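Worksheet for the structure shown next.
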Amino acid sequence: MTPVIDLQGITKVYGSGDTEVRALDGIDLSIARGDYVAIMGASGSGKSTLMNIVGALDASTEGHYALDGISIDDLDESALSIVRNRKIGFIFQSFNLIPRTSALSNVELPLVYRGVRRKERRERAIAALASVGLADRMHHMPNELSGGQQQRVAVARALVAEPSLLLADEPTGNLDSRSTGDVLDLMGELHDQGRTIVMITHEDDVAAHAGRVVTLVDGRISEDQRNSA
Amino acid sequence: MNVIETVRIGLQGIAANKLRSGLTMLGILIGVASVIVLMAIGNGASVAVTASIESLGTNTLTVRHGTFSGDRDSTRTQFKDLTVDDAVALVDPILAPDVVSATPVVTAATTCTFEGSSYSTSVTGTWPSYFDASNSPIGTGTPLTADDVLNSRRSIVLGQTVIGELFGDVDPLEKTVTCGGVPFTVVGTIEEKGSSGFLDADDVAVAPLSTVQSKLTGYGSLDSILVQASSSETSTAAESEVTSILDQRHGTTSEANRDYQVLNQAALISTVQDTIGIFTVLLGAVAAISLLVGGIGITNIMLVTVTERTREIGIRKAIGARKSAIMTQFLIEAMVLSVIGGGIGVLLALLATRITIADVTPVIVPSSVIGAFVVSVSIGLFFGSYPANRAASLRPIEALRHE
Ligand SMILES: Nc1ncnc2c1ncn2[C@@H]1O[C@H](COP(=O)(O)OP(=O)(O)OP(=O)(O)O)[C@@H](O)[C@H]1O
Ligand SMILES: [Mg+2]
């Protein structure tokens, strides 16, 4: 079976000359369908850079990347936006909900860009919000929700379009332990439903929820081990 | 991702920033409204002045005695009278094919009285052709007749202003009115022509030339000769025919010592219209500038919006918005602002032009309404497209990193 993520020799260089930074330096990584992977590493080791490339938000300097068997390297911007819309769900550390827009509208948005009809869109968005336990908050604006609630809305938005891959960059970084628990439970459920999840984290106990832990040091993979769950 | 969805997202963007959107619309609104109102005022002035000149007849030339030029030729010894013979000579099918009639006119400033009331006006002594030449149709009664002139009858035809002043609601026909001590019988009235500002076309009293000359003015020079050209198009040709006949009769050697003056109504109208046209263009230009400023306002707001919402653009791109979707969203925001602003501007202008400003009733120029509206929408598109394109071209990761 084709892996969801297939990275070969991915290198990312920022700047040039004296200010050159090799944020990623020859990453080879393959992630199978249904896997739950935590990416760890010190600050500045290149975790977010890797995540942006995997999420098709940024292009690598060198190397090859195939997502769900599709080569991403030579897609144009328009094709990339379709890939992001259909294949990937993002969860960010800073939630990144659209301000002054209700939770429901936020969750609906990926379906709007996909061209799903209004009625169906609404039903799916409400179902997604219900699955993260926020059915009663769907008409709230982001600034009327707690951090944990906002992140759950973000999770609902990431999964509403049923992507092959959920990408989370320190999803619990801004949350207290209780909200962290809520979000991790959600991720666990999604994993149990068979979704592929890649999650960046600093914390060992968060990483412990994943089935596989990849550790980066200075843009290279230094460790790649399976948790004996 | 259909159009309705994009419009909806654009509208949400506007609703989320009500004050800012309102101010932007205000800029466009004022621009559009001022273009329409100022053009309507210019047009209204032109219509009013043209109507008041046209009420004298567009195909008439007035030959006036004397000259108004300051540096009159001092070597000129004779200053010939304008005579009835001059008038007769002007109707000549060979020398003046474009002249239909020539009517001698004398005027006497007098006071007319009827029973208790009196009114200062001028009595015009003339021939029956006057009514046609001066575009003064008879309302009630009869016009003057050739008989009246031949027999120096004391008949008089009055304009509505004189009737109003002297008779009030009383029917003036067959009544005797005394002008300059001479009793006249009112035989007819002239239909109301309407006065517009500088000239009251209804302030007239018309009597036979012979009567006025014998009783009021004496037999000096005519004040003027009213010449009717065959049409307003031929009035310029008629003017030169009249000039050459009179030059010969009066022994005029150069323009400087001409002892009469020809006033061409058609030429006057076009001069006045040209002048007002220039002012209208000037007003329009001022208004167009304010429309442009409104457009720059939209660009400014859109740029601020884009900068402020860079992160939002990043989020939208991360969840799959295409460049075209972002572009349309911002363009629609700009368009909606300018369409609503322009629309309200048009409505306000339509309301404002119902008010008469400084004696001028604004007359809307339809093309200015369409033009101003189209321009405001184009401004929205044009000035909105730069920020919209900038927003849409951002790379998602750059937009997301924006603080
Ligand atoms: N846009 C950029 N321009 C230049 N250098 C960058 C840029 N983004 C990241 N870097 C550099 O690349 C390296 C990796 O950064 P990255 O954000 O991937 O680290 P990280 O592992 O996510 O760290 P953290 O745990 O603090 O989030 C760092 O040295 C950083 O300075
Ligand atoms: Mg990071």
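These numbers were taken from a predicted model, which means no experiment stands behind them.
Residues passing the side-chain hydrogen bond (donor to acceptor under 3.5 Å, both in side chains) test with A/Asp169 are A/Ser48, sequence neighbours excluded.
Nearest approach of B/Ile397 to A/Leu57, heavy atoms of both residues: CB-O, 3.5 Å. Here the closest non-hydrogen pair linking A/Asn85 and B/Ile319 is ND2-O, 2.9 Å. Here the closest heavy-atom approach between residue B/Ala321 and residue A/Tyr113 is recorded as CB-CZ, 3.4 Å.
The local environment of NE2 in A/His64 is sparse, with at most 12 non-hydrogen atoms from other residues, nucleotides or ligands closer than 6.0 Å. Remark: A/Arg220 CZ is loosely packed, at most 12 non-hydrogen atoms of other residues, nucleotides or ligands lying under 6.0 Å away. Atom CG of A/Asp218 has 12 or fewer neighbouring heavy atoms from other residues, nucleotides or ligands inside a 6.0 Å radius.
Options B/Arg309, B/Glu398, B/Arg316, B/Lys317 differ in how many heavy-atom pairs under 4.5 Å they form with chain A, and the most are formed by B/Arg316.
Distance check: A/Phe92 CZ to B/Ile315 CD1 gives 7.5 Å after rounding to the nearest 0.5 Å.
At a 4.5 Å heavy-atom cutoff, the contact between A/Leu97 and chain B is made by backbone atoms alone. Contact of B/Arg311 with chain A is made through the side chain alone, with heavy-atom distances under 4.5 Å. Residue contact with chain A, scored on non-hydrogen atoms closer than 4.5 Å, involves the backbone and the side chain of B/Arg322 alike. When heavy atoms are compared at a cutoff of 4.5 Å, A/Arg121 approaches chain B solely by way of its side chain, counted from C-beta outward. Of the two parts of A/Arg86, neither the backbone nor the side chain holds a non-hydrogen atom closer than 4.5 Å to a non-hydrogen atom of chain B. Contact of A/Asn52 with chain B is made through the side chain alone, with heavy-atom distances under 4.5 Å.
Counting only residues at least two apart or in different chains, side-chain hydrogen bond (donor to acceptor under 3.5 Å, both in side chains) contacts with residues 24-34 of chain B comprise B/Ser34-B/Ser290. Sorted by first and then second residue, the side-chain hydrogen bond (donor to acceptor under 3.5 Å, both in side chains) pairs with a member in residues 145-154 of chain A read A/Ser146-A/Gln149; sequence neighbours excluded.
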Evaluation steps, side chain to side chain contact (heavy atoms under 4.5 Å, CB included), between B/Ser393 and A/Glu77: CA-CA 10 Å; B/Ser393 303; A/Glu77 183 49 41; over 6 Å; no
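Annotation: residues 327-338 of chain B contacts chain A through B/Gln329 [non-hydrogen atoms, separation under 4.5 Å].
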